[in-house]
Visitor: 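Take this structure, written in structure tokens, and hold onto it; I'll ask about it next.
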Amino acid sequence: MNKQRLILPISILLGCVILGGFIYASQTNKQQSIEKQQRLDLDIKQKELQIKKESDQLKVEWDKKEYIAKRKKECYDLYLQEKKNWNNVKDFSYSEVRDVCLVKYLLDEPIKTKDECWKIIASISESTGEILTDMILDNYNNCLSNWFSKEF
């Protein structure tokens with residue numbers, strides 16, 4: 001009879017332990033699921049930020065290319081206008097580095113030697129204090145071709 005009295009409390013205790021184990025397991029599973037969802041949300045936000053950053057960078061590059069194309073067209077139009085007004089206009093170029101339009105005109109002076117041109121370029125570099133490669137090369141080529149450039 002003593003055994004029968006113990007069976008009921010042991011059964012209740014065992015049932016509570018089993019029920020508690022199921023509740024604990026489901027809560028642990030739920031917590032893992034929440035953490036996994038948070039990691040996925042964080043990954044998605046990071047990818048969205050990366051895509052936005054790349055999109056902004058592409059927009060900046062696109063705007064820069066549009067600006068350069070616009071400036072080159074303006075330069076070409078200016079060249080055509082100068083060609084109408086002057087008979088010694090020979091060429092034009094647009095310097096992206098300095099953001100200027102260069103229209104080139106033929107000089108009536110005798111052609112200079114390479115040494116004379118280097119001396120002229122050296123004096124320009126010393127007087128302005130600038131060492132812009134495209135500017136130096138442009139001036140050197142102008143000197144050799146007997147041209148001068150006007151910036152717009």
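All heavy atoms count here, side chains included; hydrogens, waters and symmetry mates do not.
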Visitor: Would D77 and Q81 count as having a side-chain donor-acceptor pair, cut-off 3.5 Å?
Guide: no
Visitor: Out of curiosity, E48 CD to S55 OG, how far, rounded to the nearest 0.5 Å?
Guide: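 Atom-to-atom, E48:CD and S55:OG are 12.5 Å apart.
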Visitor: Any chance you could measure K53, atom NZ, to D56, atom CG, to the nearest 0.5 Å?
Guide: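 Output value for this atom pair is 10.0 Å.
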Visitor: Which value, rounded to the nearest 0.5 Å, describes the distance between I51 atom CD1 and L58 atom CG?
Guide: 11.5 Å
Visitor: Identify the two heavy atoms, one from D99 and one from R71, that lie closest to each other, and give their separation to 0.1 Å.
Guide: OD1-NE, 3.1 Å
Visitor: For L78 and C101, which heavy atoms make the closest approach, and how far apart are they?
Guide: CD2-SG, 4.1 Å
Visitor: Evaluate whether atom CZ of F152 has more than 12 neighbouring non-hydrogen atoms of other residues, nucleotides or ligands under 6.0 angstrom away.
Guide: yes
Visitor: Scan side-chain atoms only and decide if Q27 and Q31 contain a donor-acceptor pair under the 3.5 Å cut-off.
Guide: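 Per modelled atom types, Q27 and Q31 side chains form no pair under 3.5 Å.
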Visitor: Would Y105 and E82 count as having a side-chain donor-acceptor pair, cut-off 3.5 Å?
Guide: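 Yes, a side-chain donor-acceptor pair sits under 3.5 Å.
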Visitor: So if you build clusters from Ile, Leu, Val, Met, Phe, Trp, Tyr with side-chain heavy-atom gaps below 4.5 Å, do V100 and Y67 land together?
Guide: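 Per the 4.5 Å side-chain linkage, V100 and Y67 are not co-clustered.
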Visitor: To the nearest 0.5 Å, tell me how far L80 CG sits from K84 NZ.
Guide: 8.0 Å
Visitor: Assess whether a salt bridge exists between R39 and D43, defined as any Lys/Arg side-chain N lying under 4.0 Å from an Asp/Glu carboxylate O.
Guide: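 Not counted as a salt bridge, because no side-chain N and carboxylate O are separated by less than 4.0 Å.
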Visitor: Run the numbers on E96 and K72 for salt bridge (Lys or Arg N to Asp or Glu O under 4.0 Å), then give the verdict.
Guide: CA-CA 9 Å; E96 292 178 27; K72 284 182 178 181; 3.7 Å; yes
Visitor: When you measure from the side chain of T28 to the backbone of Y24, do you find a donor-acceptor pair of N or O atoms at a distance under 3.5 Å?
Guide: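 Yes, T28 side chain to Y24 backbone: donor-acceptor pair under 3.5 Å.
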Visitor: Do V89 and Y76 sit in one hydrophobic cluster, given that two such residues count as connected whenever their side-chain heavy atoms are within less than 4.5 Å of each other, even indirectly?
Guide: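 Hydrophobic grouping puts V89 with Y76.
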Visitor: What is the minimum heavy-atom distance between I68 and Y94, and which atoms define it?
Guide: CG2-CE2, 4.1 Å
Visitor: Between atom NZ of K104 and atom OG of S93, what is the distance when rounded to the nearest 0.5 Å?
Guide: 4.5 Å
Visitor: Out of curiosity, L14 CG to L19 CG, how far, rounded to the nearest 0.5 Å?
Guide: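 One gets 11.0 Å once the value is rounded to the nearest 0.5 Å.
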